[in-house]
Amino acid sequence: MTQLVTANEMQQIDQYTIDVIGMPQDVLIERAAMAVVDVVGAGHFDLNHVLVLAGLGNNGADGVAIARLLYAQGINVSLQFVGNVNRAKDSVKRQLSIIEAYGVVRSEKSDFNEATLIIDAIFGVGLNNDLPEGLQKMIKAANHIEKPVIAVDVPTGVDATTGEVRGAALKAHTTVTFGFKKVGLTKRVGGYLSGDTIVKDVGMLVPDDFEFSLPIMQATVTENATI
Ligand SMILES: NC(=O)C1=CN([C@@H]2O[C@H](COP(=O)(O)OP(=O)(O)OC[C@H]3O[C@@H](n4cnc5c(N)ncnc54)[C@H](OP(=O)(O)O)[C@@H]3O)[C@@H](O)[C@H]2O)[C@H](O)CC1
Ligand SMILES: [K+]
């Protein structure tokens, strides 16, 4: 039994946990990163060269924290920041300054062919438009070489509510989604691109009077089920 949420509902729950409950945002980001690292370690992925793609929002902050944790475990990880780092949210800038102290080298342009596993932390539930052209091209190239991808929260390019592709979207082998399963991961092409979806608790709390707009999903859902 899985409670489904829209992107907006997830953002409301995020904000309630931080603003009302007082859970520090960096704690949620660290727990999200640890959840993904657990899946990386438990899966049958080739960790010879892990490439983390991090964006400029909190999804990217998760990605930078993931790169740091993998590096601390002695895994060969490279971090590519996708976007203009000057426009990055403070949460990302904090993670970037921490990771520099750990000695993780940021790669400007990553060669997907060298990577044995890609961690997609470019966009999550905050995606609100079609991806920029350049990023669409990069994503299509990445999909073409078919490297295994673990998506952080939502595969980049998939709308977490509608399941539609916003210009282009990474095809994930596995999606590690936080708190609740986003409905966009269960319907239309979003259900196909998310691969195996694992829901991980990172300590979010739901307001007592919160009204979910979506039903609780039975255990399995077909690829194009519409909710
Ligand atoms: N909320 C929390 O404290 C936590 C969230 N978690 C993770 O964070 C993401 C949601 O993070 P958010 O910063 O809201 O959004 P994204 O990281 O998904 O997107 C980044 C920003 O990018 C801009 N944006 C959106 N769409 C586009 C686009 N098509 N082209 C260019 N830029 C785009 C947008 O900024 P605006 O200024 O345009 O609004 C986004 O804000 C969530 O998925 C989790 O992974 C943590 O895990 C836990 C704490
Ligand atoms: K992502």
Side-chain angles (χ1 to χ4, degrees), residues 5-37 39 51-67 69 80-95 118-139 142 149-162 164-185 190 193-195 197-205:
V5 292
T6 63
N8 182 265
E9 288 173 339
M10 194 68 239
Q11 289 168 324
Q12 288 176 48
I13 293 167
D14 273 353
Q15 278 333 106
Y16 171 78
T17 304
I18 295 164
D19 298 339
V20 177
I21 303 298
M23 175 70 78
Q25 182 177 54
D26 288 357
V27 168
L28 292 176
I29 289 167
E30 198 75 12
R31 285 195 58 182
M34 291 163 75
V36 173
V37 168
V39 171
L51 168 63
V52 177
L53 303 174
L56 42 72
N58 290 323
N59 196 246
D62 293 351
V64 179
I66 291 163
L69 294 177
Q80 183 186 344
F81 191 79
V82 178
N84 176 352
V85 69
N86 299 320
R87 281 193 54 228
K89 287 189 173 178
D90 288 346
S91 59
V92 184
K93 289 179 178 167
R94 283 196 299 276
Q95 293 298 332
I118 294 173
I119 307 281
D120 159 28
I122 305 173
F123 289 120
V125 294
L127 184 70
N128 59 27
N129 208 329
D130 281 0
L131 298 180
E133 277 299 315
L135 183 53
Q136 290 191 33
K137 283 204 187 82
M138 184 178 120
I139 283 177
V149 173
I150 294 179
V152 176
D153 208 25
V154 184
T156 291
V158 169
D159 183 304
T161 301
T162 66
E164 284 149 351
V165 167
R166 302 303 308 260
L170 275 170
K171 176 157 181 359
H173 173 280
T174 301
T175 296
V176 182
T177 196
F178 310 121
F180 294 92
K181 184 174 275 191
K182 284 68 180 180
V183 60
L185 302 179
L193 291 173
S194 52
T197 299
I198 302 169
V199 182
K200 286 280 193 177
D201 173 30
V202 295
M204 309 278 186
L205 278 186

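Computation of the quantities below employed the complete heavy-atom set of this structure, encompassing side-chain atoms and omitting hydrogens, waters and symmetry-equivalent molecules. Both ligands and their constituent atoms are indexed starting at 1 by order of listing. A quick note: this is a predicted structure, and the numbers were derived from the prediction, not measured.
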Do you know which two heavy atoms are closest between Phe178 and Asp153, and how far apart they sit? N-OD1, 2.9 Å
Is it true that some N/O/S atom of Asp120, main chain or side chain, lies under 3.4 Å from the K ion (ligand 2)? yes
What protein heavy atom sits nearest atom 21 (C) of ligand 1, and how far off is it? Leu56 CD1, 3.7 Å
Residues in salt bridge (charged side-chain N to carboxylate O under 4.0 Å, His left out) with Asp62, at least two apart? none
Distance check below 3.4 Å: does Ala121 bring an N, O or S atom to the K ion (ligand 2)? no
4.5 Å side-chain heavy-atom contact, Thr161 and Lys182: no
Counting each atom of ligand 1 from 1 as listed, which ones have a heavy atom of Leu28 under 4.0 Å away? 48 (C), 49 (C)
Check whether any heavy atom of Val154 sits under 4.0 Å from an atom of ligand 1. no
Tell me the nearest of Asp14, Ile29, Asn59 to atom 9 (C) of ligand 1, using heavy-atom distances. Asn59
Contact check, side chains of Leu193 and Leu170, non-hydrogen atoms, under 4.5 Å: no
Do Met138 and Val82 have side chains that get closer than 4.5 Å, going by heavy atoms? yes
Considering non-hydrogen atoms of the protein only, which is the closest contact for atom 23 (C) of ligand 1, and what is the distance? Phe123 CE2, 4.0 Å
Hey, is Gly55 one of the residues with a heavy atom under 4.0 angstrom from ligand 1? no
Ala32: numbered ligand 1 atoms lying under 4.0 Å from its heavy atoms: 47 (O)
Between His173 and Val149, is any pair of side-chain heavy atoms under 4.5 Å apart? no
Can you report which non-hydrogen protein atom sits closest to atom 30 (N) of ligand 1, along with the distance? Pro132 CD, 3.6 Å
for atom 10 (C) of ligand 1, nearest protein heavy atom and its distance come out as Val125 CG2, 3.7 Å
Side chain or backbone of Ile18 under 4.0 Å from ligand 1, or both, or neither, by non-hydrogen atoms? side chain
Compare Gln12, Arg31, Lys89 and give the one whose heavy atom is closest to atom 41 (O) of ligand 1. Lys89
Of Gln11, Met23, Gln25, which has the heavy atom at the shortest distance from atom 3 (O) of ligand 1? Gln25
Any side-chain heavy-atom pair from Met204 and Asp14 closer than 4.5 angstrom? yes
Would you please test Val154 and Val125 for side-chain contact (heavy atoms from CB on, under 4.5 Å) and show each step? CA-CA 7 Å; Val154 184; Val125 294; 4.1 Å; yes
To atom 36 (P) of ligand 1, the nearest of Thr17, Asn128, Asn58, Asp130 on a heavy-atom basis is Asn128
What atoms of ligand 1 come closer than 4.0 angstrom to any heavy atom of Gly57? 13 (O), 17 (O), 20 (C)
Report yes if some heavy atom in the side chain of Val158 is under 4.5 Å from a heavy atom in the side chain of Ser194; otherwise report no. no
Distance from Gln25 atom CD to Glu30 atom CD, nearest 0.5 Å? 12.5 Å
Side-chain touch Val199/Phe180, heavy atoms, less than 4.5 angstrom: no
Can you tell if the side chain of Thr156 reaches within under 4.5 Å of the side chain of Leu127, non-hydrogen atoms only? no
Atom 42 (C) of ligand 1: the protein heavy-atom neighbour that sits closest, reported with distance to 0.1 Å: Asp153 OD2, 3.3 Å
Ligand 1 N/O within reach of Gly126 N/O, cut-off under 3.5 Å: yes
Per-atom filter on ligand 1: closer than 4.0 angstrom to a heavy atom of Phe178 are 45 (O), 47 (O)
Degrees at the K ion (ligand 2) between the O atom of Phe123 and the O atom of Val152, nearest 10°: 110°
Using the salt bridge (charged side-chain N to carboxylate O under 4.0 Å, His left out) criterion, which residues pair with Arg94? Sequence neighbours excluded. Asp26
Is at least one protein non-hydrogen atom found at under 4.0 angstrom from atom 39 (O) of ligand 1? yes
Which protein non-hydrogen atom lies closest to atom 7 (C) of ligand 1, naming both residue and atom, and how far is it? Asp62 OD2, 3.3 Å
Does Leu170 put an N, O or S atom under 3.4 Å from the K ion (ligand 2)? no
If the cut-off is 4.0 Å to any non-hydrogen atom of Gly124, which atoms of ligand 1 fall inside it? 16 (P), 18 (O), 43 (O)
Nearest non-hydrogen protein atom, atom 37 (O) of ligand 1: Arg87 NH2, 4.7 Å
Is a side-chain donor or acceptor of Gln136 paired with a backbone partner of Leu131 at a separation under 3.5 angstrom? yes
With heavy atoms of Leu127 as the reference, note each atom of ligand 1 found under 4.0 Å away. 18 (O), 25 (C), 26 (N), 29 (N)
